*Asks:* 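Below is the structure I would like to discuss, written out as structure tokens.
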Amino acid sequence: MIRIWLSVSLLACATPALASPDCGSLQQRWKEKYTADFKIEPMAFNFTCPSPVVKLARTFHDLETIQIATLTESAPLYHFVTSRIRKMVFDPNCQALAREGGGTITICPAFFNDTREDRAATLIHESRHIDASDPGHVNCVGGRHDQKRKACDETLMSESLKGSGYNADLWFYGLAMQEPNSNHELKRAVMQSYVNRMVPDRFNNAKAELIRKWRKN
Ligand SMILES: [Zn+2]
């Protein structure tokens, strides 16, 4: 299963950004925690300051930081990924953002050019594919990706984690957007713009009420 590039226009956000960990702090966290938690293949990533790998570490930090008021577990999004992943590798030749197979999440070069918000969603999306209950993607019928192979979820589910990767994206964005800006550093306007682009085009079947709920109109 691959996750393809989703272009989106970045929206300005008036809220001042929270202080973000600097490269040295992320590098330390990478060594002490992230490589073990995400089962990162030795030598897969060359972490120097600066380097693109810092963006991957910052995504781990984002998943670790977001606390969800309605869930009792601490750092549930971080654990969503780390409890599923069996290995993380890098492939300089893959054409997607990331892909998953057999519990291994492969990071592709385009991942490092993606937004911070979509990078976090990508890891949630690929982790969902590891579940035995993941129904997988289907060929798109209609919409912007009409006829594209395995590029849609069959149905926009009312319970997102019963669907495949795109439902998991919405699950992630829904949780992150419900939390106040003080909780994490991802921009609500950017996340909503991804949701607005995804809802009409990534689901072959979607009830109007669910489309309205997600698109906020
Ligand atoms: Zn997928």
Side-chain angles (χ1 to χ4, degrees), residues 1-8 11 59 62-63 65-85 96-100 103 105 115 117-181 183-184 186-217:
M1 305 278 183
I2 63 165
R3 176 158 164 82
I4 65 161
W5 181 264
L6 261 176
S7 66
V8 68
L11 302 174
T59 296
D62 287 333
L63 291 173
T65 304
I66 300 171
Q67 300 297 334
I68 308 296
T70 53
L71 301 177
T72 53
E73 187 186 6
S74 169
L77 300 168
Y78 187 89
H79 287 120
F80 187 87
V81 179
T82 57
S83 66
R84 287 165 171 77
I85 191 167
L97 290 170
R99 63 173 182 241
E100 183 279 330
I105 294 180
T115 62
E117 291 75 11
D118 198 47
R119 295 201 308 266
T122 293
L123 294 189
I124 298 291
H125 177 122
E126 297 304 338
S127 297
R128 171 59 182 146
H129 287 317
I130 300 172
D131 289 337
S133 61
D134 170 32
H137 295 309
V138 296
N139 299 348
C140 297
V141 179
R144 198 155 39 100
H145 309 290
D146 190 24
Q147 305 300 318
K148 204 180 268 184
R149 194 175 168 276
K150 305 275 186 195
C152 285
D153 281 11
E154 178 70 49
T155 303
L156 173 57
M157 309 292 281
S158 54
E159 293 178 65
S160 299
L161 288 183
K162 290 189 174 174
S164 191
Y166 293 107
N167 277 279
D169 281 295
L170 290 184
W171 175 76
F172 164 74
Y173 283 131
L175 288 175
M177 286 192 295
Q178 89 184 6
E179 295 303 323
N181 285 339
N183 186 320
H184 59 79
L186 302 183
K187 294 184 175 66
R188 182 172 282 102
V190 174
M191 294 192 281
Q192 185 66 55
S193 70
Y194 279 111
V195 169
N196 289 351
R197 287 173 65 87
M198 201 183 302
V199 163
D201 291 317
R202 291 292 187 187
F203 304 93
N204 287 346
N205 299 288
K207 286 184 181 163
E209 69 194 62
L210 281 178
I211 293 175
R212 276 197 301 275
K213 175 192 136 186
W214 281 106
R215 297 199 71 184
K216 309 273 185 222
N217 57 26

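Everything numeric in this text was worked out from a predicted model, so none of it was measured.
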*Asks:* Quick check: do I68 and Q178 have side-chain heavy atoms less than 4.5 Å from each other?
*Replies:* yes

*Asks:* Looking at every non-hydrogen atom in both residues, tell me the closest pair between L123 and V81 and how far apart they are.
*Replies:*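 Result for this residue pair: O-CG2, 3.8 Å.
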
*Asks:* Using modelled atom types and a 3.5 Å cut-off, is there a donor and acceptor pairing between side-chain atoms of E117 and backbone atoms of K187?
*Replies:* yes

*Asks:* For a quick check under 3.5 Å, do Y78 and T65 share a side-chain donor-acceptor pair by atom type?
*Replies:* no

*Asks:* Identify the two heavy atoms, one from D134 and one from G165, that lie closest to each other, and give their separation to 0.1 Å.
*Replies:* OD1-N, 4.4 Å

*Asks:* Please determine whether side chain to side chain contact (heavy atoms under 4.5 Å, CB included) holds for the pair F172 and H125, giving the CA-CA distance in whole Å, both sets of side-chain angles, and the decisive distance to 0.1 Å.
*Replies:* CA-CA 9 Å; F172 164 74; H125 177 122; over 6 Å; no

*Asks:* If you take all heavy atoms of Y173 and A121, which pair is closest and at what distance?
*Replies:*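 Scanning both residues completely, I find the closest heavy atoms to be OH-CB, 3.4 Å.
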
*Asks:* Mind checking whether P200 and I211 have side chains closer than 4.5 Å, heavy atoms only?
*Replies:*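 When only atoms from C-beta onward are counted, I211 and P200 do not touch, as no gap falls below 4.5 Å.
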
*Asks:* Would you say that R144 contacts R197 through its side chain, given a criterion of any heavy-atom pair below 4.5 Å between the two side chains?
*Replies:* yes

*Asks:* Got a second to check how far Y194's OH is from R202's CZ, nearest 0.5 Å?
*Replies:* 12.0 Å

*Asks:* Give the minimum heavy-atom separation between Q67 and P76, together with the two atoms involved.
*Replies:* OE1-CD, 4.4 Å

*Asks:* With R119, which residues qualify under salt bridge (charged side-chain N to carboxylate O under 4.0 Å, His left out), at least two apart?
*Replies:*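 Once residues adjacent in sequence are excluded, R119 has no partner under the salt bridge (charged side-chain N to carboxylate O under 4.0 Å, His left out) criterion.
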
*Asks:* Is the side chain of E100 donor-acceptor paired with the backbone N or O of G103 at a distance under 3.5 Å, no angle test?
*Replies:*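 Yes.
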
*Asks:* I'd like to check L175 versus I66 (side-chain heavy atoms, cut-off strictly below 4.5 Å). Are they in contact?
*Replies:*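 No, their side chains stay 4.5 Å or more apart.
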
*Asks:* Find the distance between CG (L97) and CG (D118) and round it off to the nearest 0.5 Å.
*Replies:* 6.0 Å

*Asks:* Decide whether a cation-pi geometry holds between R84 and F80; the criteria are a distance under 6.0 Å from NZ or CZ to the six-membered ring centre and an angle within 45° of the ring axis.
*Replies:*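 Judged by the rule (NZ or CZ under 6.0 Å from the ring centre, within 45° of its axis), R84 counts as positioned above F80.
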
*Asks:* Who passes side-chain hydrogen bond (donor to acceptor under 3.5 Å, both in side chains) against N167, sequence neighbours left out?
*Replies:*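 Counting only residues at least two positions away or on another chain, N167 forms a side-chain hydrogen bond (donor to acceptor under 3.5 Å, both in side chains) with D153.
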
*Asks:* Between OG1 of T59 and CD1 of I124, what distance do you get to the nearest 0.5 Å?
*Replies:* 11.0 Å

*Asks:* Taking side-chain hydrogen bond (donor to acceptor under 3.5 Å, both in side chains) as the test, write out the residues that go with N196, two or more places apart.
*Replies:*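 Scan of N196 (side-chain hydrogen bond (donor to acceptor under 3.5 Å, both in side chains), adjacent residues dropped) gives Q192.
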
*Asks:* With a 3.5 Å cut-off and sequence neighbours excluded, list the donor-acceptor pairs that the side chains of residues 155-163 form with protein atoms.
*Replies:*
from	atom 1	to	atom 2	distance (Å)
E159	OE2	K162	NZ	3.4

*Asks:* Does any non-hydrogen side-chain atom of K150 lie less than 4.5 Å from one of V138?
*Replies:* no

*Asks:* Looking at CD of E179 and NE2 of H184, how far apart are the two atoms once the value is rounded to the nearest 0.5 Å?
*Replies:* 6.5 Å

*Asks:* Is there a donor-acceptor contact under 3.5 Å from the side chain of E154 to the main chain of F203?
*Replies:* no

*Asks:* Kindly indicate whether the side chain of C152, heavy atoms from C-beta on, has any atom under 4.5 Å from the side chain of H137.
*Replies:*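 C152 does not reach H137 side chain to side chain.
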
*Asks:* Less than 4.5 Å apart, any side-chain heavy atom of V199 and any of L170?
*Replies:* yes

*Asks:* Which residues satisfy the side-chain hydrogen bond (donor to acceptor under 3.5 Å, both in side chains) test with S133, sequence neighbours excluded?
*Replies:*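 Partners of S133 by the side-chain hydrogen bond (donor to acceptor under 3.5 Å, both in side chains) criterion, ordered by chain and then number, come out as R128.
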
*Asks:* Could you check if a side-chain atom of L77 sits within less than 4.5 angstrom of a side-chain atom of W171, using non-hydrogen atoms only?
*Replies:*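 Of all side-chain heavy-atom pairs linking W171 with L77, at least one is under 4.5 Å.
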
*Asks:* Please check if the side chain of H79 supplies one atom and the backbone of S74 the other of a donor-acceptor pair under 3.5 Å.
*Replies:* yes

*Asks:* Is there a donor in the side chain of H145 and an acceptor in the side chain of D201, or the other way round, less than 3.5 Å apart?
*Replies:* no

*Asks:* Sequence neighbours excluded, which residues qualify as side-chain hydrogen bond (donor to acceptor under 3.5 Å, both in side chains) partners of T72?
*Replies:* none

